[in-house]
Amino acid sequence: MTDNAPAPSTTPTPTATPTPAPLTLLGTGAMGTALARAWLAAGHPLTVWNRTPARAEPLAAEGATVAASAADAVAANQLVVVCLLDDASVGEALDGADLSGRDLVNLTTGTAAQGRSRAAWAEARGARFLDAGIMAVPPMIGDAASGAYVFYSGSPELFEEHGETLAVPAGTRYVGADPGFAALHDVALLSAMNGMFAGVLHAFALIRREDIAPTDFAPLLVSWLGAMAPAAHQAAEQLASGDYGKDVVSNLAMQVAGNATLLATAEEQGVSAELLTPYTTLMERWLAAGHGDEDTTGMVELLDLRNR
Ligand code: NDP
């Protein structure tokens, strides 16, 4: 090559865009409809079924094929996604369907035990199975910027083969071959969220009858909760090491003393402490057991029913 010869092209060889894979969706409730719209918008041929046909009809106008029965919908495609009310409705809907050779992905919220038994049920009928837990509400589905994602667990081969299709409505997080793990991750996060909302409600109740605008107070709540949330990393370190006294920042004895102020303030403000007392009572029990110089993390021992 001479000095003035053209430089070799660095343009990457164009790769063919994969054709969006066809799939079936059972359940076009609020969440199912959002999922369906995301797949349709991305060009996936979609067959839908819903127990109440009128709820699936609007999707026909948007390009979906509406199947007359769940069995027909399952027969239409190898990948079958289910998003129904609960585990019992999944069993009912799929009762007469031939699942052999199908890849069944269950986006219905359930418990870990339900995920495991549904996996065994599906595998006994010749299907591969993934259970899932959706960390989003319908308006977040199909919006890549929303932070929506779905936990998946179960068949790694199924996840590998259909990962791109599953990633269309929301991000994907595969959390292991145990089909119970997706539900467990989902429910653990939802349980933490409930605790947070209980605290938020109590805080609003405290200020409610004062001259403090809730709209002025809300940003303070959000930034305080955001500042405190990383303490979960510290708790995780302590759980991993089994040393609940490791790097303690705010020890239990001090926190229990502070609880008296929280409870007295609730009384002063005429607010029931019923959302606070389950937690403060647990703290007092752990303090009485001699853990005043530790963090609160060790209280998991009190929650563990196998310790009783
Ligand atoms: P909806 O109540 O809007 O829809 C429920 C769906 O289940 C409908 O398609 C309904 O059919 C169907 N269904 C209920 N019982 C049966 C049954 N016995 N046999 C067949 N189909 C049945 O709920 P969503 O769509 O909002 O929720 C679906 C799943 O998604 C749930 O497991 C939910 O926990 C989960 N999820 C929902 C979120 C949300 O914010 N909406 C957030 C995260 C997860 P029909 O129309 O005939 O009643």
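One is the number of the first residue; the rest follow in order along the sequence. Only this structure's heavy atoms are used, side chains among them; waters, hydrogens and symmetry mates stay out. Counting starts at 1 for both ligands and their atoms, in listed order.
No N or O atom of A93 sits closer than 3.5 Å to an N or O atom of ligand 1. In terms of polar-atom proximity, defined here as any N/O pair under 3.5 Å, G27 makes no such contact with ligand 1. Taking distance alone, with nitrogen or oxygen atoms compared against 3.5 Å, R55 approaches ligand 1 more closely than that limit. Note: an N/O pair closer than 3.5 Å links T52 and ligand 1 by distance alone. For C83, no nitrogen or oxygen atom sits less than 3.5 Å from a nitrogen or oxygen atom of ligand 1, counting backbone and side chain alike. Between D86 and ligand 1, no N or O atom pair is found at a separation short of 3.5 Å.
Closest non-hydrogen pair, L158 versus F129, comes out as CD1-N, 3.7 Å. Shortest non-hydrogen contact noted between L23 and V81 is CD1-CG2, 3.8 Å.
Protein heavy atom in closest approach to atom 6 (C) of ligand 1: L85 N, 3.9 Å. Among all non-hydrogen protein atoms, the one lying nearest atom 48 (O) of ligand 1 is R51 NH2, 2.9 Å. With respect to atom 39 (C) of ligand 1, the closest heavy atom belonging to the protein is P138 CD, 3.6 Å. In this structure, atom 11 (O) of ligand 1 lies nearest to the protein heavy atom N50 OD1, 3.7 Å. Scanning the protein for heavy atoms near atom 12 (C) of ligand 1, the closest one is L84 CD2, 3.8 Å. Atom 38 (C) of ligand 1 has as its closest protein heavy atom M31 CE, 3.5 Å. Shortest contact from atom 3 (O) of ligand 1 to any protein heavy atom: A30 N, 2.9 Å. Of the protein's heavy atoms, G29 CA, 3.5 Å lies nearest to atom 4 (O) of ligand 1.
Side-chain polar atoms of T24 and N77 form a donor-acceptor pair below 3.5 angstrom. Checked by atom type, the side-chain pair N50/T52 shows no donor-acceptor distance below 3.5 Å. A side-chain N or O of S89 and one of D86 form a donor-acceptor pair less than 3.5 Å apart. A donor atom on one side chain and an acceptor atom on the other are not found under 3.5 Å apart for D295 and T297. Counted by atom type alone, E294 and Q238 present zero donor-acceptor pairs between their side chains at under 3.5 Å. E160 and Y174 share no donor-acceptor pair across their side chains, judged by distance under 3.5 Å alone. When only modelled atom types and interatomic distance are considered, N251 and D293 share no side-chain donor-acceptor pair under 3.5 Å.
The atoms of ligand 1 that sit less than 4.0 Å from any heavy atom of T108 are 32 (O). Counting atoms of ligand 1 from 1 in the listed order, those under 4.0 Å from a heavy atom of T109 are 32 (O), 33 (C), 34 (O), 35 (C), 36 (N), 44 (C). Using a 4.0 Å cut-off to heavy atoms of V137, the atoms of ligand 1 that qualify are 40 (O). Taking every non-hydrogen atom of S89 and a distance limit under 4.0 Å, the qualifying atoms of ligand 1 come out as 15 (N), 16 (C), 17 (C), 18 (N), 19 (N), 22 (C). Atoms of ligand 1 found under 4.0 Å from any heavy atom of T28 (numbered from 1 in listed order, with element): 9 (O).
Salt-bridge annotation for E161 and R128: present, with a side-chain N of the basic residue lying under 4.0 Å from a carboxylate O of the acidic one. Under the 4.0 Å criterion applied to side-chain N and carboxylate O atoms, D87 and R118 are assigned as salt-bridge partners. Under 4.0 Å is where a charged nitrogen must lie from a carboxylate oxygen, and between R37 and E62 at least one such pair does.
Here T33 has no heavy atoms under 4.0 Å from ligand 1, in either its backbone or its side chain. Only the side chain of E92 comes within contact range of ligand 1, with a heavy atom under 4.0 Å; no backbone atom does.
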L221/V200 under side chain to side chain contact (heavy atoms under 4.5 Å, CB included): CA gap, chis, key distance, verdict
CA-CA 7 Å; L221 257 180; V200 166; 3.9 Å; yes
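Residue A136 places a heavy atom less than 4.0 Å from ligand 1.
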